[in-house]
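Right, one structure below, let's go through it.
The chains referred to below are lettered A, B, ... by the order of the sequence lines, with proteins before strands, and numbering in each begins at 1.
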Protein chains: 2
Amino acid sequence: MSIATENFVKVIYQFDQNQGLDTKPGTIAKALGITNAAATDMAKKLALKELVKFQKYQPLQLTENGRKMALSVIRRHRLWETFLYRTLNLSLHEIHREAELLEHLTSDFLTERLSVFLGSPDVDPHGDPIPDINGRINSDTGQFTLLSAKAGSVYKIVRLSGSDSEFFEFCEENDIAVGVHLKVEKQYTGNEMTLVVINDQKLLLNASLTTRIFVEQVPNLKTEL
Amino acid sequence: MSIATENFVKVIYQFDQNQGLDTKPGTIAKALGITNAAATDMAKKLALKELVKFQKYQPLQLTENGRKMALSVIRRHRLWETFLYRTLNLSLHEIHREAELLEHLTSDFLTERLSVFLGSPDVDPHGDPIPDINGRINSDTGQFTLLSAKAGSVYKIVRLSGSDSEFFEFCEENDIAVGVHLKVEKQYTGNEMTLVVINDQKLLLNASLTTRIFVEQVPNLKTEL
DNA sequence: TTATAAATTTAAGTAAGCTTAAAATAATTA
DNA sequence: TAATTATTTTAAGCTTACTTAAATTTATAA
């Protein structure tokens with residue numbers, strides 16, 4: 001399939017997952033940098049190929065084949081990210097940018113060789129789950145965002161969700177990384193600010209950050225940091 | 001530039017180098033798996049972009065910009081080949097097949113990171129020279145094919161030229177590899193057969209093989225094997 | 001040298017993946 | 001609820017990269 005098609009189904013899949021985002025043509029169009037008209041046009045063409053379900057004025061939905069294609073692209077993307085991070089030491093935002101291209105011209109053969117080389121990883125360097133060869137993906141239930149974390153508890157960062165370099169640069173500069181522990185000091189629910197402590201440093205984070213930092217409960221009695 | 005354009009100038013460059021092959025539209029078309037009409041069409045379009053010089057019924061020629069583009073694609077191709085061979089242990093024909101795709105969606109940034117990681121190699125695993133970032137390529141004068149090697153002498157294999165798996169499989173099965181020494185036992189010039197000895201094994205090679213195996217004189221007094 | 005074959009070019013047409021502009025529908029606000 | 005605004009869809013058109021078929025030119029062989 002073409003690069004345009006792969007990106008189209010990939011974005012529908014991702015917006016469908018991220019609750020809060022809809023999958024209407026305009027939303028997909030904005031994400032892909034094309035016009036609404038082009039998105040509607042594409043949706044109709046992909047409906048003929050049984051990748052997308054299209055009903056006028058309704059959100060776009062993937063068929064089973066469309067879902068499989070999206071997960072295949074995401075698998076290739078995240079395996080490349082892992083490879084580029086571990087082997088070529090690219091940064092978190094560099095790996096995304098490069099994988100965004102490589103994902104489209106990687107054969108099934110190479111994909112599986114990459115996977116074996118890396119030891120069949122479950123997650124990429126951002127903590128995003130890597131679908132397996134059959135399109136099964138680990139939808140981790142134990143994780144939630146910092147925004148909904150309880151004040152007074154210690155958590156482990158398991159995922160940094162995004163694709164822009166600013167976010168990742170900010171994280172890097174402030175010791176926010178997958179695997180790091182932090183304590184939620186206070187939740188200012190009124191204006192959605194969160195005060196956390198990482199490595200003895202206080203950070204006041206707004207919602208545009210806390211909704212993208214996923215954490216996990218730390219197993220037991222580990223309340224001090 | 002598009003993948004089609006990159007492949008077009010790449011093939012012109014390669015056929016122009018390999019003396020014996022012409023660069024008329026039909027030849028290029030066959031190599032790319034498109035019709036003659038499509039090749040003529042493409043040549044005209046690329047002439048407008050100042051990548052190709054087009055004169056009716058004449059062989060196609062690259063402009064300086066076209067040459068630069070071709071060398072850039074070849075650089076990416078051969079760096080990927082080197083990487084896939086060394087790091088993922090793919091075979092000589094597998095690396096070609098995969099690099100044929102990856103070469104088109106590799107940013108300048110990643111290309112240079114790959115190069116640095118590999119220690120700025122001069123040649124890829126087939127012995128083909130890797131153009132540098134400015135498009136300069138090592139046109140090694142000291143090498144020639146087995147077809148024109150003198151009987152009785154010992155040579156070192158420096159390059160295996162080709163892209164089909166059959167050739168590389170044959171080489172692998174018969175200890176024909178870059179860096180290996182061999183002795184030319186006899187040249188049957190009449191029917192272009194060459195008798196060589198590699199690792200105490202005699203091999204009778206025809207011209208379709210000897211024209212693709214490049215060797216180099218072994219420095220001095222090393223006539224025994 | 002001329003007839004024939006082969007290659008090249010031109011012309012017309014197609015599919016993918018877009019665009020802009022206008023029409024239709026849905027959502028929002030007064 | 002009606003009017004306005006925003007979104008979606010349709011329609012027409014463009015570029016890229018092809019195709020087939022016919023016309024032209026070049027190369028080959030009798």
*Whole-Å distance separating the CD atom of Gln55(A) from the P atom of dT8(D)*: 15 Å

*Close side-chain approach of Leu60(B) and Phe8(B), heavy atoms under 4.5 Å*: yes

*Could you tell me the separation between the NZ atom of Lys24(A) and the C1' atom of dA6(D), rounded to a whole number of Å?*
10 Å

*Could you state the CG-C1' distance from Asn36(B) to dT25(D), rounded to the nearest angstrom?*
14 Å

*Let me know the distance between OH of Tyr57(B) and C1' of dT8(C), rounded to the nearest Å.*
5 Å

_Nearest-nucleotide comparison on DNA chain D, the residue closer to the 5′ end among Lys45(B) and Ala37(B)_ = Lys45(B)

*For the pair Phe168(A) and His126(A), name the ring-plane relationship: parallel under 30°, tilted 30 to 60°, perpendicular over 60°.*
tilted

*Would you kindly give the CD1-to-C1' distance between Ile3(B) and dA17(D), to the nearest whole Å?*
12 Å

*Nearest of dT8(C), dT9(D), dC18(C) to any side-chain atom of Ile34(A)?*
dC18(C)

*Counting just side-chain N and O atoms, does Thr40(B) come under 4.0 Å of either OP1 or OP2 of dT8(C)?*
no

*Return yes when atom CD of Glu166(A) has more than 12 non-hydrogen atoms of other residues, nucleotides or ligands closer than 6.0 Å, and no otherwise.*
no

*Please step through salt bridge (Lys or Arg N to Asp or Glu O under 4.0 Å) for the pair Asp164(A) and Arg212(A), ending with a clear verdict.*
CA-CA 12 Å; Asp164(A) 60 308; Arg212(A) 299 168 66 183; 2.5 Å; yes

*Do the non-hydrogen side-chain atoms of His96(A) and Leu92(A) ever get within less than 4.5 Å of each other?*
no

*asked:* Between C1' on dC18(C) and CZ on Phe8(A), what's the gap in Å once rounded to a whole number?
replied: 12 Å

*Consider the side chain of Pro25(B), meaning its heavy atoms from C-beta on, and name the nucleotide among dT9(C), dT9(D), dT19(C) that approaches it most closely.*
dT9(C)

*Measure from CG on Leu60(A) to P on dT9(D) and round the result to the nearest Å.*
8 Å

*Side-chain N or O of Ser2(A) less than 4.0 angstrom from OP1 or OP2 on dA16(C)?*
no

*Length of the NZ-C1' vector between Lys49(A) and dG17(C), whole Å*: 10 Å

*asked:* Categorize Ala38(B) for me: base, sugar-phosphate, or nothing, with a 4.0 angstrom heavy-atom threshold over every strand shown.
replied: base

*Side chain of Lys56(A): nearest nucleotide among dT8(D), dT9(D), dC18(C)?*
dT9(D)

